[in-house]
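Read the structure below first, then the notes.
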Amino acid sequence: MSETKTTEAAADEPNIRIVEDATCTFCGCVCDDMELTVDLDANRITKAKNACVLGRAWFLQHGIEDHPQAMIEGREVPLEEAMDEAARILHEAKFPITYGLSDSPCEAQRVAVAINDLVRGNIDTTTSVCHGPSGIAFQGVGESTATLGEVKNRADLVIYWGGNPAESHPRHFTRYTVTPKGRYIPNGKKDRYVVLIDIRKTPSSPVADQSIRVKPGRDFELLWALRALVRGRDISPDIEEITGVSRETLDELVERMKNCNFGVLFFGMGLTMTRGRHFNSGALLALATDLNKHTHFVAKPVRGHGNVTGADNVVSWQTGYPFGVNFHRGYPRFNPGEYTTVDLLARGDADAAMMIATDPASNFPKRAIENLKKIPVISLDAKPTYTSRAARVAFMVATYGINTGGTVYRMDDVPITLRPAFDSPFPTDEEVLTGIYTRLKALRVNGRKKAA
Amino acid sequence: MAENSAELRIKGGKVYDPANGIDGEVRDILVRDGRVVDKVSEKARTINAHGMVVMPGGVDIHCHIAGPKVNLSRKLQPEDHRLDVHPGTDVTRSGVGGVTPSTFATGYRYATLGYTTAFDAAVPPLAARHVIEEFHDTPVIDKGFYVLLGNNMFLYDLLKQGRKQDFKEAIAWWVTAARAAGVKLVNAGSDEFWKGRRNENVTDVNEDIDPFDLSPLQATAAFIEAVDELNLPHPAHIHCNNLGHSGNVQTTLDTMKAAEGHRAHIAHVQFHSYAGELGKRVQTGSEAIIDYINTHENITTDVGMVMFGKATAMTADAPLTWMLRFKDTKWVNADTECESGCGVMPFTYQDTNYTHTMQWAIGLELFLLSKDPWRVMFSTDHPNGASFQTYPRLIRLLMDRGFRAEMMKHVNQKAISTCLLPQLDREYSLSEIAIITRAAPARALGLVNKGHLGVGADADITVYTDDENREHMFNAPRYVIKAGKPIIEDHEFVDDHIGRFLHTEPEHDPAIEDQIRPFFEDYYSIRFNNYRVDASYLHDHEVIPLRNSGGKRKKGSK
Ligand code: SF4
């Protein structure tokens, strides 16, 4: 399957292919300007022009491992047999759950939701452990937002809150928000004022014109004080003691926000996963909305995984809710805390699990991992993980964006089509999931026949 | 004898097929391989439609059912879904309802009203891929969309530079690249005011849109002309400036006058038919608007009716939703670089409210004063005026003056007493309903095989139980046949269907890409090569022919 190259070229000339405008899916920036040099003989990418350090590592370290496509209990089996077994597990389970999805293209995500609709399972994505609180806050207050190109063209005030993009999203500043010149920002960084709000100095700090240090766990108080000031209300005189930020700094920031032409607030997990959670996200989104009484202001969570935004979109359009969705009653229900995977596993509710491009066995809380070990697990991943090694059925799938096409959504909901660099001997996650889905449909029809 | 499932005989129903001059005659409709035919074999399956009403499937010319704005609305309103769940069946997927249902529920619920085709009215090109992906998960109905070009920066630059030919080529390129069925303008010129001037809005169609040295009206006229000359199957689809403001009648009339000599479609005209003074109470302006439309054949329109109850403001007209926002209602604004804005906000129309009553009444007045059902079509601008799920009730209001009178007793009396509505006793006939919900939209969209039941038509057919209560009747067709396949039988889903994607492909000079590319590299955030929607997204699709392709080549060509 991987033998795409022509045999004669192998002799002296290297068999090289250039892929222009390919997309890096390593982080939520989803940069689509990669120029990849692919050595088709070696099944390797030898150069990734335009990629940042993380992106370069993502592309250059990717090789085709010698690994079975499918295993049952650690034993190599034909793909078909593994799909049969996966379907059987999901069919027989009373409370099957599916989790992950944020490193799969939308085409696979759609099938994953379909499977759970069919088996009346539970579907959840990694959103529930990163920006889930932002999704909940969104339901409460809405959001004023923009695509990243609009920020590039118009934003003269750029604020980051609780994130360190220099390390997590290295090209966020340079490609979209700080350095680029835009239609109304002819001089790039010179025409923008950049503020960083965080609990400590980070490698992102040098980019900022101003850094504001907030006391750990006091983001909500600081946001609420800003909201009050924007609305012309008075605030507590001991605000500095509470938040670590002086009244003068707050006043100055508020004036700056009210008087810019186009302001943007980016926020990261430093805000959503600390004390306050969805209250923090909600306060920030509400602040941006309030500011629209004075000027144009937008906000945007800085999302991590390459297609976590696609997962939010797919799950929302198919079920009406962004994550943590349960089909047990034959229609989707949403209840974070109840149908979110960490909670389901910690309580021991699930009796089978399908893990797609995620490794909960390495990063979930202990209780959840212990319960995960007690139930049959189906894993789909492009690399061996703790989860896949312990899985009852493990599929090794092709890597999206490198070996497969499909659609991903950038953190600002812009959909982008992937351009694969070279073939893989492994099936795509869409193919595996479709195989399981087809089998489940057959099992159901047979089940009905038997019952009748 | 084994039945041939590819053949159907819908026997003995009262057929309403106004495009073919058939008004309630009892006849058989024959179907083979997804089309209406004049003969079927003995083996054809018979559907007994005696006493029933047979119509072509409904065609929604203006709704919002897919893509980023709709998905934002879904995410925004879990409360709406929870109250209205949509269980799956053995043949259908589950979902949720509410004002913006999930994709599957959207398709099935359109089908349960007898609708088999719908067009999303506002898609930024950058989001076209998203819309098409959702369409794949929106079952039963055929669907397409209009691409938002009315605030496109590059096109405005061309207008500023007076490059008319390039402007036309670029429009054609954009329609093709996004895979659109038509061109949409929304509050032309307003994006620059909203995003670039601290949330201002266009107030006067003749004011200057800085930095483009042209007025909203000039921009609108240029689009109308170009789209007509390109022979797109559907004319420029226009959401006029000043939507929702008292006194906007003048803006709407100015816009229609700017279209003289060209085809133009004025969207949800109810929202643009308000007399009175800016900032003061709305008064009905329906007469002035409908008189103009009645006497100008180049104009088509959909009414955009209001029905009391839960709705959602959802529009590329972001400043409008900001204006509607009261207290601290949850609100979404979403700017799309270089091409569009977007606002989403939950909204409820109340029968006790003066303005809402006025809007409800104006929608009905426009229909009751219309002289040409072929040009004044049915819509609620779903979910803006009301959900599409209110269509049966609105149809009954048009068909039943007793029902109308009863309802008028319960609305805001101050408003209704200044309306024309109490004096209008016209009732729409079934044939007229078939025109405004099927035949006319299909014709206005250039869908030669839809909206009628003549030989060669797509076999998209609805069979209703004839019921004096037209709301009941239109709420639950007995049979729905899509592409020749029974999907609903005896009110139950018996099959699923994906539906086709409809788009058009105007000719253009490929050299225009060399003009667009540099702009793109400078001001967009994705690569030009990754912008165009590639063929892999099309699956089952159909290209709507251009107007000049059917042999009559005259109009628009010079
Ligand atoms: S910023 Fe993110 S998407 Fe862009 S190249 Fe680096 S890792 Fe890849």
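All figures in this text were calculated on a predicted structure; none of them were measured in a lab. Quick note on labels: first sequence line is chain A, next is B, and so on, each numbered from 1.
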Distance-minimising heavy-atom pair for B/Asn530 and A/Asp21: ND2-O, 3.1 Å
Chain B interface, residue from A/Ser144, A/Ala146, A/Ala114, A/Gly142 that has the most non-hydrogen pairs under 4.5 Å: A/Ser144
Pairs of heavy atoms under 4.5 Å with chain B: top-ranked of A/Asp290, A/Asn313, A/Leu148, A/Asp33: A/Asn313
Point-to-point distance, once rounded to the nearest 0.5 Å, from CZ of A/Arg183 to NZ of B/Lys195: 11.5 Å
Heavy-atom side-chain proximity of B/Tyr523 to A/Glu150 below 4.5 angstrom: no
A/Lys293, NZ: over 12 other non-hydrogen atoms inside 6.0 angstrom: yes
Inter-chain contacts: residues 81-100 of chain B against chain A, heavy atoms under 4.5 Å: B/His81, B/Arg82, B/Val85, B/His86, B/Pro87, B/Gly88, B/Asp90, B/Arg93, B/Ser94, B/Gly95, B/Val96
Which portion of A/Cys31 sits near chain B, non-hydrogen atoms under 4.5 angstrom: neither
Residue part contacting chain A, namely of B/Trp322, when any heavy atom lies under 4.5 Å: side chain
Interface moiety of A/Val141 toward chain B, non-hydrogen atoms closer than 4.5 Å: backbone
Over 12 non-hydrogen atoms of neighbours within 6.0 angstrom of NZ in A/Lys258: yes
Trace of the side-chain contact (heavy atoms from CB on, under 4.5 Å) decision for B/Val332 with A/Phe138: CA-CA 9 Å; B/Val332 174; A/Phe138 177 87; 3.7 Å; yes
Heavy-atom check, side chain of B/Trp331 versus side chain of A/Asn292, under 4.5 Å: yes
Steps toward side-chain contact (heavy atoms from CB on, under 4.5 Å) verdict (B/Cys338, A/Asn153): CA-CA 9 Å; B/Cys338 310; A/Asn153 283 327; 3.5 Å; yes
Donor-acceptor contact below 3.5 Å, side chain A/Thr147 vs main chain B/Glu337: yes
Greatest number of heavy atom pairs closer than 4.5 Å to chain B - which of A/Arg444, A/Arg175, A/Arg333: A/Arg175
Flag if over 12 foreign heavy atoms under 6.0 Å of NZ, B/Lys160: yes
Chain B contacts, top residue of A/Gly405, A/Gly135, A/Cys260 (heavy-atom pairs, under 4.5 Å): A/Cys260
Heavy-atom side-chain proximity of A/Tyr184 to B/Pro211 below 4.5 angstrom: yes
Flag for A/Trp317-B/Asp137: side-chain donor and acceptor within less than 3.5 Å: yes
Using atom types as modelled, flag every donor-acceptor pair under 3.5 Å from a side chain in residues 321-331 of chain A to any protein atom, sequence neighbours excluded.
from	atom 1	to	atom 2	distance (Å)
A/Asn326	OD1	A/His328	N	2.6
A/Asn326	ND2	A/Asn122	OD1	3.0

Criterion salt bridge (charged side-chain N to carboxylate O under 4.0 Å, His left out) on B/Glu192 and A/Arg154, from CA distance to verdict: CA-CA 11 Å; B/Glu192 211 42 59; A/Arg154 296 180 189 269; 3.1 Å; yes
Close side-chain approach of A/Val414 and B/Ile526, heavy atoms under 4.5 Å: yes
When B/Arg325, B/His136, B/Gln77 are compared by non-hydrogen pairs under 4.5 Å with chain A, the top option: B/His136
Heavy-atom pair of closest approach, residues A/Ser316 and B/Lys75: OG-CG, 3.2 Å
Check: B/Arg129/A/Thr417 side-chain N/O donor and acceptor closer than 3.5 Å: yes
Side chain to side chain, A/Arg410 and B/Ser525, heavy atoms closer than 4.5 Å: yes
Interface moiety of B/Tyr531 toward chain A, non-hydrogen atoms closer than 4.5 Å: neither
Max heavy-atom pair count under 4.5 Å with chain B, selected residue of A/Arg231, A/Glu20, A/Lys181: A/Arg231
Side-chain heavy atoms of A/Phe297 within contact of B/Arg198, under 4.5 Å: no
Close side-chain approach of A/Val298 to B/Asn333, heavy-atom, < 4.5 Å: yes
Test: A/Lys152 and B/Asp522 ion pair at under 4.0 Å: no
A/His296 and B/Asp335: side chain donor to acceptor below 3.5 Å: yes
Partner chain A: residue of B/Thr103, B/Asp328, B/Thr138 with the largest heavy-atom pair count (under 4.5 Å): B/Thr103
Winner by heavy-atom pair count (cut-off under 4.5 Å) against chain A, out of B/Val344, B/Leu72, B/Val70: B/Leu72
Check: B/Glu79 and A/Gln139 side chains under 4.5 Å, non-hydrogen atoms: no
Side chain, backbone, both or neither of A/Lys300 within contact of chain B (heavy atoms, under 4.5 Å): neither
Residue pair A/Thr319 / B/Arg74, side-chain donor-acceptor N/O under 3.5 Å: no
Residues, nucleotides or ligands: over 12 heavy atoms within 6.0 Å of A/Leu443 CG: yes
Segment of B/Glu521 engaging chain A (4.5 angstrom heavy-atom cut-off): backbone
Region of A/Ala286 that comes under 4.5 Å of a non-hydrogen atom in chain B: neither
